[in-house]
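Residue numbers count from 1 along this sequence.
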Amino acid sequence: MSPRPAEATTAVRTHRTALLVDGEVMNERIVVAPRRGDGMPRPRDAARVGVLRRMAAAKLKHRGLDALIGDVLLISSELLTNALLHSGTTEITLNLAVRGECLRITVVDGMPGRAERRKVDDEAETGRGLGLVEVLAEQSGGTWGTSEDGAATWCSLRVPAGQRE
């Protein structure tokens, strides 16, 4: 009797996700130089926004919220950039938290002043960020706004049914 040939096997690595439960997904703070006037932020401060985006993507993926990554990264970028450009603060915090059927994205700059959507013409190079935030929130059944004192801007996105426990 001849030996049987060994069967080929392939190891498959499956993505393990944490259970989706209410709670904090991420709470990270960056320290930036206060911005004065209309000058651009320091390149290293602007790069920190990208670092927070990558951290958010990893945390969302770990929690099994892959379907929200694109929208969360765009919204986070807009809210973080607004804080960096318009608040004059030295600390900016990005918080992601699941509450019920929603993921809440909050950017805290600690400075008074409410973020408001501006009307812009077709030629404007800036000013569309909060309009994008509003559209993405509405499309997911969520909303956005600012805290009473204006120190935080937030956006809630509904978690897709297939990603809820």
Do L60 and L136 belong to the same hydrophobic cluster, where Ile, Leu, Val, Met, Phe, Trp and Tyr are linked whenever their side-chain heavy atoms lie under 4.5 Å apart, directly or via other members?
yes
V133 with L68, same ILVMFWY side-chain cluster at under 4.5 Å:
yes
Can D109 and H86 be said to form a side chain to side chain contact (heavy atoms under 4.5 Å, CB included), step by step?
CA-CA 10 Å; D109 60 30; H86 303 297; over 6 Å; no
Validation row: V108, W154 side chains within 4.5 angstrom (heavy atoms)
no
Considering all heavy atoms, the nearest L96-A56 contact:
CD1-CB, 3.8 Å
Would you please test N95 and V25 for side chain to side chain contact (heavy atoms under 4.5 Å, CB included) and show each step?
CA-CA 8 Å; N95 179 274; V25 174; over 6 Å; no
Distance-minimising heavy-atom pair for G142 and R158
N-CG, 4.4 Å
Please give me the minimum heavy-atom distance between T89 and A83, naming the atom from each residue.
CG2-O, 4.4 Å
Find the distance between CD1 (I30) and CD1 (I92) and round it off to the nearest 0.5 Å.
4.5 Å
In this structure, would L94 and V98 fall into the same cluster of hydrophobic residues linked by side-chain contacts under 4.5 Å?
yes
Give, for atom CG of L84 and atom CZ of R42, the distance between the pair rounded to the nearest 0.5 Å.
9.5 Å
Are side-chain heavy atoms of E101 and V159 found at a separation under 4.5 Å?
no
Using the rule that Ile, Leu, Val, Met, Phe, Trp and Tyr join whenever any side-chain heavy atoms are under 4.5 Å apart, tell me whether L79 and V32 fall into a single cluster.
yes
Indicate the atoms forming the closest heavy-atom contact of S77 with T81, along with that distance.
O-OG1, 2.7 Å
Going by the salt bridge (Lys or Arg N to Asp or Glu O under 4.0 Å) test, which pairs reach into residues 47-60, not counting sequence neighbours?
D45-R48
Linking I/L/V/M/F/W/Y whenever any side-chain heavy atoms sit under 4.5 Å apart, do V72 and L52 land together?
yes
For the residue pair A137 and W144, what are the closest heavy atoms and their distance?
CB-N, 4.5 Å
Search all heavy atoms of T106 against all heavy atoms of A152 and return the closest pair with its distance.
CG2-CB, 4.1 Å
Chi angles and distances behind the side chain to side chain contact (heavy atoms under 4.5 Å, CB included) call for T153, N82
CA-CA 10 Å; T153 304; N82 279 352; over 6 Å; no
Return each pair, listed once, that meets salt bridge (Lys or Arg N to Asp or Glu O under 4.0 Å) where at least one residue sits in residues 86-99; pairs must be two or more places apart or across chains.
R29-E91
Begin with the C-alpha distance, continue with both residues' side-chain angles, and end with the deciding distance and a verdict on side chain to side chain contact (heavy atoms under 4.5 Å, CB included) for L132 and I75.
CA-CA 8 Å; L132 288 171; I75 290 166; over 6 Å; no
